[in-house]
Number of protein chains: 2
Amino acid sequence: METEYETRPREAIARILRAEPRFFSAAELCARLDESGTPVSRATVYRTLERLAAKGEAALRLNDRGEATFMFCDSGHHHHAICRSCGRVEDVACGALDSFVDRLRSLHGFQLDDHSLEFHGKCRSCV
Amino acid sequence: METEYETRPREAIARILRAEPRFFSAAELCARLDESGTPVSRATVYRTLERLAAKGEAALRLNDRGEATFMFCDSGHHHHAICRSCGRVEDVACGALDSFVDRLRSLHGFQLDDHSLEFHGKCRSCV
DNA sequence: AAGGATTTTGAGACTCTGTCTCAAAATCAG
DNA sequence: CTGATTTTGAGACAGAGTCTCAAAATCCTT
């Protein structure tokens, strides 16, 4: 049986993720954890993030340097608008895009079954 | 003055990229170059790809492992449908998506100025 | 076709992200 | 409190990408 333990490292990580709607890299989290007086090893940070992503509680995103970043995130299908300046993330319902996707479902013989969409710009506070 | 030289490494890389409409990682290119008898150092492969991307002749894409990959690509704004199996890429005009994007342009105070969209599925030969 | 100014290349050291191992520590149930 | 189980941390390791600098290639001029 694999029971799940509630541990200080996991709670510290969750606390940071809960505080801001934006993506954090593992390195960023390590730094924050050090600052806040509850240091957590890199290995544990990676394991915890991977676990959250697997359970669908966190979204995984590769930033433009190819680093894995994570944020707490509703699990349903939707997209993100990401602020170039502060990283703030706003959810965007897939909605109208669906009809576009449907029309493309069979494209040049392709059978499309998934898509990823991201918006970029500046949030209210950063304009 | 910075003149541009035509060199064997650059031509060998271009030849490989031209041959297939799909994204290649630097490592893949190095391997291909070795096989084809014109080995090129990693540094040069990276420099050449970066140069092509800067000139807008190649598209840069991070694969799901965060590795940079490149392909020859028309420079206008469009999107890609990527085959899960063989990597074949088909261009997708942005078209209908524009109206969706326009409607979102101002979202919760966000000023959206860019988006990225990718489709995934199986190409004709891989279905 | 030879010389020389300029650009490009390659080998390898280096950094950084992410993975893995395994003994030690923490968690929890009884 | 004890013991079975899960989790953690330190550090070794792997792989992508960057950087340096001397040597080689390119091209222009004559």
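Per chain, numbering begins at 1; letters A, B, ... match sequence-line order.
Distances were taken from every side-chain heavy atom of B:T7 (C-beta onward) to each of C:dT27, C:dT8, C:dG10; the shortest belongs to C:dT8. Relative to the side chain of B:A27, the nucleotides D:dA16, D:dT8, C:dG10 differ in distance, and D:dA16 lies closest. Set against C:dT27, D:dT18, D:dA10, the side chain of B:Y46 has D:dT18 as its closest nucleotide.
For a distance-only test at 3.5 Å, the side chain of B:R47 fails to qualify as a donor-acceptor partner of the base of D:dG17. For A:R42 against C:dG18, a side-chain-to-base donor-acceptor contact under 3.5 Å is present. Interface remark: the A:Y5 side chain does form a donor-acceptor pair with the D:dT5 base, using a distance-only criterion of under 3.5 Å.
One can place CG of B:L33 at 10 Å from P of C:dG10, the figure rounded to the nearest angstrom. As a whole-Å value, the separation of A:R8 CZ from C:dA26 P is 8 Å.
Comparing B:A26 and A:A43, the nucleotide of DNA chain D nearest to each residue sits closer to the 5' end for A:A43.
Remark: A:E35 engages no residue in a salt bridge (charged side-chain N to carboxylate O under 4.0 Å, His left out) (not counting sequence neighbours).
In this structure, the side chain of B:D74 does not engage the main chain of B:G76 through any donor-acceptor pair within 3.5 Å. Side-chain N or O atoms of B:R10 include one that pairs as donor or acceptor with a backbone N or O of B:Y5 at under 3.5 Å.
The phosphate of D:dT6 (OP1 or OP2) has no side-chain N or O of A:T3 nearer than 4.0 angstrom. For C:dG10, one of the phosphate oxygens OP1 or OP2 lies less than 4.0 angstrom from a side-chain nitrogen or oxygen of B:T44.
Around the CZ atom of A:R105, the shell of radius 6.0 Å holds more than 12 heavy atoms that belong to other residues, nucleotides or ligands.
Near-neighbour residues of DNA chain D inside residues 51-73 of chain B, defined by a heavy atom below 4.0 Å, number-ordered: B:E67, B:A68.
By the 6.0 Å and 45° rule, B:R42 does not stack over the aromatic ring of B:Y46.
The existence of a salt bridge linking B:R32 and B:E20 is confirmed by a sub-4.0 Å separation between a basic side-chain nitrogen and an acidic carboxylate oxygen.
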